[in-house]
Trainee: 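Below: one structure in structure tokens.
All heavy atoms count here, side chains included; hydrogens, waters and symmetry mates do not. Just follow the structure's listing: the first ligand is 1, and inside any ligand the first atom is 1. This chain uses plain numbering: 1 for the first residue, then up along the sequence. Keep in mind that this is a model prediction, so the values were computed, not measured.
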Amino acid sequence: MSFEDKSLQCADCGATFTFSGEEQEFFATKGYTNEPKRCPNCRQARKTTRNGSQGGYGGSSSGGYRSSTSRQMFPATCAQCGKATEVPFEPRGDRPVYCSQCYNKTRVTGRR
Ligand SMILES: [Zn+2]
Ligand SMILES: [Zn+2]
């Protein structure tokens, strides 16, 4: 059985389009018995809109990342001048904590 080009009318836009013999053969091998109801343009448009609205994954998951927006500051006492200050890391006993002023100073003087 050979396939001949057919003229079909698009159900969406009403345009006449060709259901070519090749396509019919393709349809037959896929086991499709239905003729295409839409012209290639509308088929393409449908595909893209479907994909566009399909993004059901993720989207608005309330993320666990809140890193840089509000950096936690820890209260500390400056080892240099004794002033109360805040540092962006948790102060531990093994390291002296400086206020920003003294930190800058020690950086400058510490460089040799
Ligand atoms: Zn169409
Ligand atoms: Zn200080």
Side-chain angles (χ1 to χ4, degrees):
M1 172 163 175
S2 67
F3 296 94
E4 285 177 16
D5 288 7
K6 265 191 198 178
S7 275
L8 297 176
Q9 203 180 23
C10 174
D12 271 11
C13 65
T16 309
F17 64 98
T18 307
F19 187 27
S20 70
E22 267 176 44
E23 283 174 301
Q24 292 176 54
E25 199 176 339
F26 177 75
F27 264 53
T29 56
K30 288 281 182 181
Y32 299 150
T33 51
N34 295 339
E35 291 175 342
K37 291 203 172 66
R38 287 172 186 85
C39 70
N41 283 344
C42 289
R43 255 179 274 159
Q44 195 60 42
R46 284 203 126 217
K47 254 193 210 167
T48 45
T49 51
R50 207 185 288 166
N51 284 344
S53 62
Q54 207 180 24
Y57 286 109
S60 63
S61 62
S62 51
Y65 269 108
R66 53 167 69 188
S67 53
S68 59
T69 45
S70 65
R71 191 145 74 154
Q72 193 177 356
M73 299 295 282
F74 295 88
T77 308
C78 176
Q80 187 74 31
C81 66
K83 254 199 307 193
T85 184
E86 284 186 329
V87 289
F89 55 89
E90 192 172 1
R92 303 188 187 196
D94 56 350
R95 267 200 204 185
V97 177
Y98 301 107
C99 66
S100 55
Q101 272 182 11
C102 294
Y103 182 69
N104 287 338
K105 264 192 235 162
T106 53
R107 273 244 302 247
V108 172
T109 54
R111 192 201 291 163
R112 282 179 195 172

Trainee: To the closest 0.5 Å, what do you measure between SG (Cys39) and CD (Gln9)?
Mentor: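 Here the interatomic distance stands at 10.5 Å.
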
Trainee: Does the ring center of Tyr98 lie less than 6.0 Å from the ring center of Tyr103?
Mentor: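 Between Tyr98 and Tyr103, the centre distance exceeds or equals 6.0 Å.
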
Trainee: Quick check against the 3.5 Å criterion: does Gln24 have a side-chain atom that pairs as donor or acceptor with the backbone of Phe19?
Mentor: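 Yes, the answer is positive, given that a donor and an acceptor are paired below the 3.5 Å cut-off.
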
Trainee: What protein N/O/S atoms lie closer than 2.8 Å to the Zn ion (ligand 2)?
Mentor: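 N, O, S partners closer than 2.8 Å: Cys78 SG, Cys81 SG, Cys99 SG, Cys102 SG.
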
Trainee: Please round to the nearest 0.5 Å and tell me the distance separating atom CZ of Phe89 and atom CE of Met73.
Mentor: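 Going from CZ on Phe89 over to CE on Met73, the span is 9.0 Å.
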
Trainee: Keeping Arg43 on the side-chain end and Arg38 on the backbone end, is there a donor-acceptor pair under 3.5 Å?
Mentor: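 Here the side-chain-to-backbone pair exists.
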
Trainee: Supply the atom-to-atom distance Lys37 NZ to Asp12 CG, rounded to the nearest 0.5 angstrom.
Mentor: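 It is 11.0 Å, given to the nearest 0.5 Å.
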
Trainee: Nearest 10°: the angle subtended at the Zn ion (ligand 1) by Cys39 SG and Cys10 SG?
Mentor: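 So the angle at the metal works out to 110°.
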
